[in-house]
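Data block below; observations after.
Order of appearance sets the numbers: ligands from 1, and atoms from 1 within every ligand. None of these values were measured; they are calculated from a predicted model.
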Amino acid sequence: MERSSFGTAPGGQPVDVYTLTNRQGMEARVTNYGGIILSLRVPDRDGRFDDVVLGYDALADYVAESPYFGALVGRYGNRIARGRFTLDGRQYTLATNNGVNHLHGGLKGFDKVVWAAAPFENDQGMGLVLTYVSPDGEEGYPGTLTVRVTYTLTADNALVFDYHATTDRPTPVNLTQHSYFNLAGDGRRDILDHVVTFHADRFVPIDATSIPLGPLRDVTGTPFDFRRPTAIGARIQQDDEQLRNGLGYDHSLVLDKGGQPGALTLAAHVLEPTTGRVMEVHTTEPGMQFYSGNFLNGTLKGKRGAVYHHRFGFALETQHLPDSPNQPDFPSTLLRPGDQYRSRTVYRFSVAGA
Ligand code: BGC
């Protein structure tokens with residue numbers, strides 16, 4: 001594995017880039033700043049490699065402003081209403097960084113810290129073990145959280161994420177990966193023609209601040225029914241309260257077979273028709289946030305001169321459901337001392353018909 005310098009973080013720590021490769025020529029470049037996947041080169045049906053994730057060329061751009069391009073998100077991925085929750089009878093107040101709400105870990109989430117990185121190679125493939133100790137009180141969260149996330153690039157073109165955490169006081173934990181994909185390559189056009197299949201019968205309806213609104217909803221008869229292959233753009237313009245509230249798709253899908261401890265379940269299949277590229281998502285998590293890049297608006301200048309316009313990338317963030325610390329009916333995100341947080345997600349790449 002190759003390692004090179006990516007510069008210096010605002011705190012003065014050196015930051016590196018690690019290049020993971022496999023025999024099929026797939027390549028992932030990962031930095032220990034925020035665990036960010038900088039680039040991911042996968043073949044199309046003619047064997048042509050392109051970069052299928054959005055991002056920047058320089059560390060300074062990630063530091064200055066990034067909508068979580070490629071990042072490892074925590075301590076809590078997604079929103080916590082008003083940055084408040086009660087745990088064991090005590091109220092906690094978190095940093096608010098998304099209007100009145102807390103989003104993706106706060107002002108300085110796990111996407112903005114420097115992780116310790118240890119490269120490895122084994123019979124599964126080649127990868128990186130990222131570790132970070134989040135101090136008690138960081139962004140308002142209780143407890144020292146010791147986090148270990150392993151990224152593995154396998155011989156059969158999968159990227160595997162294994163998350164592990166322990167704590168010394170009870171705390172909510174919800175870790176995820178926030179890569180923006182554009183399987184056409186190089187983020188040069190919108191993602192509306194990507195054909196997706198999601199294994200979700202229900203989704204979490206949200207209010208205009210993206211906080212859960214009432215009980216889980218059946219996708220039947222809604223623009224959220226992706227149980228059969230459907231283009232992302234097929235219904236995104238429909239006059240629908242939920243699409244209005246999310247400004248497009250920005251919703252948590254409840255995975256049919258998700259959340260059975262240790263059991264990977266197929267969450268999503270994505271096909272980009274012009275290149276034949278396919279991405280499958282398997283996860284142990286109960287939910288997946290589907291975000292159609294609604295806040296991209298052409299102001300961010302990306303890699304190699306790319307300009308990321310509206311909906312030029314999408315994210316499939318496997319995780320627990322939003323605002324779980326305040327939603328007693330949702331699967332719990334509470335981690336207690338002595339227990340272990342474990343989660344696994346696999347992004348597998350192939351081409352259609354192969
Ligand atoms: C959220 C979006 C947010 C985006 C980037 C997604 O996970 O659901 O609302 O704009 O992350 O911050």
Side-chain angles (χ1 to χ4, degrees), residues 34-37 53-56 61-83 94-112 139 161 172 174-182 187 190-191 196 198 200 203-213 224 232 236 242-255 267-268 281 283 285-300 302 308-324 327 330 333 343 345 347:
I36 292 170
I37 297 175
V53 293
L54 273 46
Y56 296 120
D61 295 323
Y62 286 100
V63 172
E65 184 195 1
S66 172
Y68 304 90
F69 284 145
L72 204 175
V73 169
R75 191 178 291 200
Y76 194 95
N78 218 316
R79 291 173 178 81
I80 295 179
R82 301 189 167 268
L94 304 173
T96 48
N97 59 327
N98 188 248
V100 295
N101 299 322
H102 175 89
L103 174 68
H104 294 334
L107 296 166
K108 189 177 178 191
F110 292 178
D111 58 296
K112 295 182 189 67
E139 300 296 308
F161 304 94
N174 192 31
L175 305 177
T176 191
Q177 229 292 328
H178 206 301
S179 286
Y180 286 67
F181 294 96
N182 186 327
D190 71 49
I191 46 78
V196 301
F198 298 144
F203 73 103
V204 181
I206 52 169
D207 68 15
T209 72
S210 296
I211 293 299
L213 176 70
F224 295 82
I232 292 176
I236 203 167
Q242 282 303 308
L243 287 174
R244 274 198 302 278
N245 285 355
L247 304 175
Y249 294 106
D250 194 357
H251 293 76
S252 201
L253 303 169
V254 184
L255 301 173
V281 181
T283 187
E285 286 296 306
M288 179 177 73
Q289 182 83 8
F290 171 39
Y291 173 54
S292 53
N294 312 311
F295 294 105
L296 299 174
N297 61 7
T299 55
L300 300 177
Y308 299 138
H309 295 285
H310 197 215
R311 300 186 174 142
F312 268 36
F314 66 91
L316 296 177
E317 308 154 47
T318 54
Q319 53 184 244
H320 274 54
L321 305 184
D323 196 36
S324 296
Q327 306 281 342
F330 289 178
T333 50
S343 171
T345 290
Y347 291 146

Can you tell me if Phe69 has a non-hydrogen atom under 4.0 Å from ligand 1? no

Ranked by distance from atom 10 (O) of ligand 1, the top protein heavy atom is Phe295 CD1, 3.0 Å

Could you identify the single nearest non-hydrogen protein atom to atom 1 (C) of ligand 1 and state the distance to 0.1 Å? Asp250 OD1, 3.5 Å

Tell me yes or no: between the side chains of Arg82 and Asn101, is some donor less than 3.5 Å from an acceptor? no

Identify the residue among Phe312, Tyr180, Phe181 that makes a ring pair (Phe, Tyr, Trp, His ring centres under 6.0 Å) with Phe69. Tyr180

For ligand 1, is there an atom lying under 4.0 Å from some heavy atom of Pro67? yes

For ligand 1, which atoms sit closer than 4.0 Å to a heavy atom of Arg79? 1 (C), 2 (C), 8 (O), 9 (O)

For atom 6 (C) of ligand 1, find the nearest protein heavy atom and state the residue, atom name and distance (0.1 Å precision). His178 NE2, 3.3 Å

With a 4.5 Å heavy-atom cut-off, do Leu213 and Ile206 have their side chains touching? no

Measure the distance from atom 12 (O) of ligand 1 to every protein heavy atom, then report the residue, atom name and distance (to 0.1 Å) of the closest one. Tyr68 CD1, 3.3 Å

Under 30°, 30 to 60°, or over 60°: which ring-plane class applies to Phe203 and Phe224, parallel, tilted or perpendicular? parallel

Work out which heavy atom in Gly313 is nearest to a heavy atom in Leu54; give both atom names and the distance. CA-CD2, 3.9 Å

How many angstroms lie between atom CG of Leu321 and atom CD of Gln289, to the nearest 0.5 angstrom? 9.5 Å

Using a strict cut-off of 4.0 Å, indicate which atoms of ligand 1 neighbour a heavy atom of His104. 1 (C), 6 (C), 7 (O), 11 (O)

Would Tyr68 and His104 count as a ring pair (Phe, Tyr, Trp, His ring centres under 6.0 Å) if you check the C-alpha gap in whole Å, the side-chain angles of each, and the deciding distance to 0.1 Å? CA-CA 9 Å; Tyr68 304 90; His104 294 334; 4.6 Å; yes

What are the atoms of ligand 1, with element, lying closer than 4.0 Å to any heavy atom of Glu317? 6 (C), 7 (O)

For atom 5 (C) of ligand 1, what's the nearest protein heavy-atom neighbour? Residue, atom name and distance, please. Tyr180 OH, 3.5 Å

